*Asks:* 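One structure coming up, written as structure tokens, with questions to follow.
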Amino acid sequence: MYELIYAVIRQIPTGKVATYGQIANIVGDCSARMVGYALAILKTGSDVPWQRVINREGKISLRSNGTESILQRQLLEDEGILFDGKGQVDLNKFGWSGPDLAWLVANDFYPA
DNA sequence: CTGATGACGGTGC
DNA sequence: GGCACCGCCATCA
């Protein structure tokens, strides 16, 4: 059911990040909460780069656990994404512009 | 079936 | 600029 959301997230290139709202806007048929929930039920070992999805503040969203946020940050830094002193990502620099138009058309995401 | 919850976001104060 | 509230809708109890 969340394949649609996962498919979009998989399009995020290495070294870029996207916000929940961005994903929701691309998918179009769901709210930001759905994106977050989709990642919440995502199990470890998935091929979905969930670490590249952060909130609109450019910060890593804490799960109920909260400890994995550290891992998420390390994964992002390993991809070349830098954090400022407040642990935030510069969306203006690492923000994802969205998937290729060709990909959108191929997946029937083309905006009406 | 009904009510509560949540990796969020936008608006209002 | 920071904080409180409301809306979003699939999942869970």
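Below, chain A is the first sequence line, B the second, and so on; all start at residue 1. Keep in mind the model is a prediction, meaning the values are calculated, not measured. Keep in mind that the numbers below use all heavy atoms, side chains included, and drop hydrogens, waters and symmetry copies.
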*Asks:* Could you tell me from which nucleotide to which nucleotide of DNA chain C, 5' to 3', there is an atom under 4.0 Å from chain A heavy atoms?
*Replies:*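 Nucleotide range in contact with chain A: C:dG7 to C:dC12.
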*Asks:* Counting only N and O atoms by type, is there a donor-acceptor contact under 3.5 Å from the side chain of A:Q74 to the main-chain atoms of A:I70?
*Replies:*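 Looks like no, no N/O pair under 3.5 Å.
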*Asks:* After noting the C-alpha distance and the side-chain angles of A:L42 and A:Y2, does the key distance pass the side chain to side chain contact (heavy atoms under 4.5 Å, CB included) rule?
*Replies:* CA-CA 10 Å; A:L42 201 56; A:Y2 290 121; over 6 Å; no
*Asks:* Got a sec, which residues hit salt bridge (Lys or Arg N to Asp or Glu O under 4.0 Å) with A:R10, two or more places apart in sequence or on another chain?
*Replies:*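 Here the qualifying residues are A:E3, A:D47.
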*Asks:* Among A:N25, A:V8, A:I5, which one satisfies side chain to side chain contact (heavy atoms under 4.5 Å, CB included) with A:V35?
*Replies:*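 Among the candidates, only A:I5 passes.
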*Asks:* If the condition is side chain to side chain contact (heavy atoms under 4.5 Å, CB included), which residues does A:D84 pass it with, not counting sequence neighbours?
*Replies:*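 Only A:K86, A:Q88 meet the side chain to side chain contact (heavy atoms under 4.5 Å, CB included) criterion with A:D84.
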*Asks:* Quick one: A:Y2 OH to B:dA7 C1', roughly how many Å, whole number?
*Replies:*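 Distance, rounded to whole Å: 12 Å.
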*Asks:* Donor-acceptor pairs under 3.5 Å, side chain of residues 75-82 of chain A to any protein atom, not counting sequence neighbours: which ones?
*Replies:*
| unit_1 | atom_1 | unit_2 | atom_2 | d |
| --- | --- | --- | --- | --- |
| A:E77 | OE2 | A:R73 | NE | 3.3 |
| A:E79 | OE1 | A:R52 | NE | 2.9 |
| A:E79 | OE2 | A:Q51 | NE2 | 3.3 |
| A:E79 | OE2 | A:R52 | NE | 3.2 |
| A:E79 | OE2 | A:R52 | NH2 | 2.9 |

*Asks:* Measure from CD on A:Q22 to C1' on B:dA7 and round the result to the nearest Å.
*Replies:*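 Roughly 17 Å, once rounded to whole Å.
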*Asks:* Taking the six-membered ring for Trp, are A:W50 and A:Y6 ring centroids under 6.0 Å apart?
*Replies:*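 No, the ring centres sit 6.0 Å or more apart.
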*Asks:* Roughly, in whole Å, what's the span from OH in A:Y20 to C1' in B:dG9?
*Replies:*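 Distance check: A:Y20 OH to B:dG9 C1' gives 12 Å.
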*Asks:* Rounding to a whole Å, what distance do you find between A:L91:CG and B:dG9:P?
*Replies:*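 Rounded to the whole Å, the gap is 10 Å.
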*Asks:* With A:L91, which residues qualify under side chain to side chain contact (heavy atoms under 4.5 Å, CB included), at least two apart?
*Replies:*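 Checked A:L91 against side chain to side chain contact (heavy atoms under 4.5 Å, CB included); matches are A:V17, A:T19, A:I54.
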*Asks:* For the atom pair CG (A:L39) and CE (A:M34), what is the distance rounded to the nearest 0.5 Å?
*Replies:*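 These two atoms lie 11.5 Å from each other.
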*Asks:* Using atom CG of A:L42 as one end and atom P of B:dG6 as the other, report the distance to the nearest whole Å.
*Replies:*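 Spelled out: CG on A:L42 to P on B:dG6 is 19 Å.
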*Asks:* Send over the distance from A:L76 CG to B:dA7 C1', rounded to a whole Å.
*Replies:*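 Taking atom C1' of B:dA7 as the reference, CG of A:L76 is at 13 Å.
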*Asks:* Could you identify which residues of residues 30-41 of chain A place a heavy atom less than 4.0 Å from some atom of DNA chain B, listed by residue number, or say none?
*Replies:*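 Residues of residues 30-41 of chain A under 4.0 Å from DNA chain B: A:A32, A:R33, A:M34, A:G36, A:L39, A:A40.
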*Asks:* What is the distance from CG of A:N25 to C1' of B:dG10, rounded to the nearest Å?
*Replies:*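 Interatomic distance, CG of A:N25 to C1' of B:dG10: 14 Å.
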*Asks:* Measure from CG on A:L62 to P on B:dC8 and round the result to the nearest Å.
*Replies:*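 It is 9 Å, rounded to the nearest whole Å.
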